[in-house]
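Structure first, then comments.
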Amino acid sequence: MATTAPLLVEKVKLAKAPLEMHYLGDRVLRQPAKRISRVDDNVRELIVKMLQTMYTQDGIGLAAPQVGFNKQLIIIDVALDEPTVPPVVLINPKILGSSREIALGQEGCLSIPNVFLDVKRPAAIEVSYKDENGRPQKRRFDGLPARVIQHEMDHLNGVMFVDRVESDIELTQALSKEGFAAKDVRPVKKGKKK
Ligand code: NI
């Protein structure tokens, strides 16, 4: 039986995030994540800790591999200033379709602090997933939520947003300024058809 208790996590910064972050160069970020077979209290406990960790660091999205869990679980919240708007939890997310329209937008990542660069992605997506209560959902997202979900879903495949940055010069400069190594980038091949 799935429970239906809402996730009550205050959107506040804690003195210390409950989960430890992993950063670019860390192998856990490059492994494909495993499906979650059952959404139980352990999974919900992880979701709560991930939300607290994300809010503490002012993030708008977080994927389980970033906090060391090799699971297909992502959370997003693009309304950090609105306490009553709930976050969106996506378990085993799958993209059913993408818009032909491509949008360019700036991205950052809690696993690559202070690096912000432009990335091209489909402007809208349709996604199937299970929510925090294990119920199947199908929803269309566009604008910022579509971008964040695609970014977080990349994490589940071991892909980082810097792998998609087209400007090599800007990328190398931004990474070295923050102490990250350009060798830890694994460029996504362009024009690859699925
Ligand atoms: Ni990220």
Side-chain angles (χ1 to χ4, degrees), residues 11-34 46-47 49-81 87-90 93 95 98 102-123 125 127 141 143-190 192:
K11 300 186 186 185
V12 294
K13 291 186 188 190
L14 304 176
K16 188 178 183 294
L19 299 171
E20 215 170 299
M21 291 298 303
H22 290 256
Y23 300 99
L24 179 66
D26 196 319
R27 279 172 64 186
V28 72
L29 293 171
R30 294 305 192 174
Q31 289 160 1
K34 297 193 173 93
L46 174 59
I47 293 168
K49 286 182 177 168
M50 281 176 61
L51 286 165
Q52 292 169 329
T53 300
M54 181 178 78
Y55 292 138
T56 296
Q57 299 177 91
D58 255 338
I60 57 174
L62 186 67
Q66 292 182 273
V67 285
F69 289 83
N70 192 26
K71 292 177 194 291
Q72 292 184 17
L73 161 62
I74 66 174
I75 56 173
I76 84 154
D77 190 341
V78 297
L80 296 182
D81 296 332
V88 184
V89 175
L90 300 93
I95 293 184
S98 307
I102 302 294
L104 182 68
Q106 199 183 59
E107 298 189 16
C109 180
L110 292 177
S111 293
I112 320 173
N114 302 319
V115 173
F116 299 94
L117 294 159
D118 285 341
V119 179
K120 282 181 188 165
R121 298 189 189 270
I125 48 168
V127 192
F141 295 90
L144 185 58
R147 175 171 297 280
V148 179
I149 288 171
Q150 290 174 84
H151 172 121
E152 302 309 332
M153 283 184 70
D154 269 353
H155 279 300
L156 303 183
N157 292 314
V159 174
M160 308 283 287
F161 87 97
V162 288
D163 301 345
R164 297 189 182 278
V165 170
E166 291 183 7
S167 168
D168 285 339
I169 297 170
E170 281 177 46
L171 176 60
T172 307
Q173 279 179 352
L175 288 176
S176 65
K177 193 166 161 269
E178 297 301 325
F180 292 103
K183 70 165 173 55
D184 290 324
V185 177
R186 296 184 186 173
V188 171
K189 287 187 190 75
K190 296 187 186 92
K192 200 174 90 180

For R30, give me all partners under salt bridge (charged side-chain N to carboxylate O under 4.0 Å, His left out), at least two apart in sequence or on another chain.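 In terms of salt bridge (charged side-chain N to carboxylate O under 4.0 Å, His left out), with neighbours along the sequence ignored, R30 is linked to D163.
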In chain order, what residues pass the salt bridge (charged side-chain N to carboxylate O under 4.0 Å, His left out) check against D168, with sequence neighbours excluded?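 Testing D168 for salt bridge (charged side-chain N to carboxylate O under 4.0 Å, His left out), a comparison that skips the adjacent residues, returns none.
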Please report the interatomic distance [atom1]([X]) to [atom2]([Y]), rounded to the nearest 0.5 Å.
X	Y	atom1	atom2	result
K177	N114	NZ	CG	7.5 Å
L51	L46	CG	CG	9.5 Å
M160	L29	CE	CG	4.5 Å
L110	Q57	CG	CD	5.0 Å
L62	T53	CG	OG1	7.0 Å
Y23	D184	OH	CG	15.0 Å

Which residues pass the ring-ring contact (aromatic ring centres under 6.0 Å, His included) test with H151, not counting sequence neighbours?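 So H151 forms a ring-ring contact (aromatic ring centres under 6.0 Å, His included) with H155, F161.
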In a table with atom names and distances, give each donor-acceptor pair under 3.5 Å that connects a side chain of residues 66-74 to protein atoms at least two apart or in another chain.
unit_1 : atom_1 : unit_2 : atom_2 : d
Q66    : OE1    : A63    : N      : 2.9
Q66    : NE2    : S111   : OG     : 2.9
Q72    : NE2    : A33    : O      : 3.1

Kindly indicate whether the side chain of [X], heavy atoms from C-beta on, has any atom under 4.5 Å from the side chain of [Y].
X	Y	answer
I95	P93	no
D154	R121	yes
I76	P145	yes
M50	V89	no

Short side-chain to backbone donor-acceptor contact, [X] and [Y], under 3.5 Å:
X	Y	value
E178	A174	no
N157	V159	no
R147	V119	yes

Under 3.5 Å, side-chain donor or acceptor atoms of residues 11-20 against the rest of the protein: list the pairs with distances, not counting sequence neighbours.
unit_1 : atom_1 : unit_2 : atom_2 : d
K11    : NZ     : D77    : OD1    : 3.4
K11    : NZ     : D77    : OD2    : 2.9
K11    : NZ     : A79    : O      : 2.9
K11    : NZ     : E82    : O      : 2.9
K11    : NZ     : V85    : O      : 2.6
K13    : NZ     : D58    : OD2    : 2.9

For salt bridge (charged side-chain N to carboxylate O under 4.0 Å, His left out), just list the numbers for E107 and R164, CA-CA rounded to whole Å, side-chain angles, deciding distance to a tenth of an Å, and then say yes or no. CA-CA 11 Å; E107 298 189 16; R164 297 189 182 278; over 6 Å; no
Is there a side-chain contact (heavy atoms from CB on, under 4.5 Å) between V115 and L24? Walk through the geometry before answering. CA-CA 11 Å; V115 173; L24 179 66; over 6 Å; no
Please evaluate residues V88 and V78 with respect to the criterion side-chain contact (heavy atoms from CB on, under 4.5 Å), reporting the C-alpha separation (whole Å), side-chain torsions for both, the decisive distance (0.1 Å), and the verdict. CA-CA 9 Å; V88 184; V78 297; over 6 Å; no
Would the number of heavy atoms belonging to other residues, nucleotides or ligands and lying under 6.0 Å from CD1 of I102 be above 12?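 Result for CD1/I102: enclosed.
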Atom CD of residue position E170 - does it have more than 12 heavy atoms of other residues, nucleotides or ligands inside 6.0 Å?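 It does not: E170 CD has 12 such atoms or fewer within range.
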Quick one: closest heavy-atom pair of S98 and I125, and the distance?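 It is OG-CG2, 4.0 Å.
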Per the ring pair (Phe, Tyr, Trp, His ring centres under 6.0 Å) rule, what does the pair list look like for residues 162-189, sequence neighbours excluded?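 Sorted pair list comes back empty.
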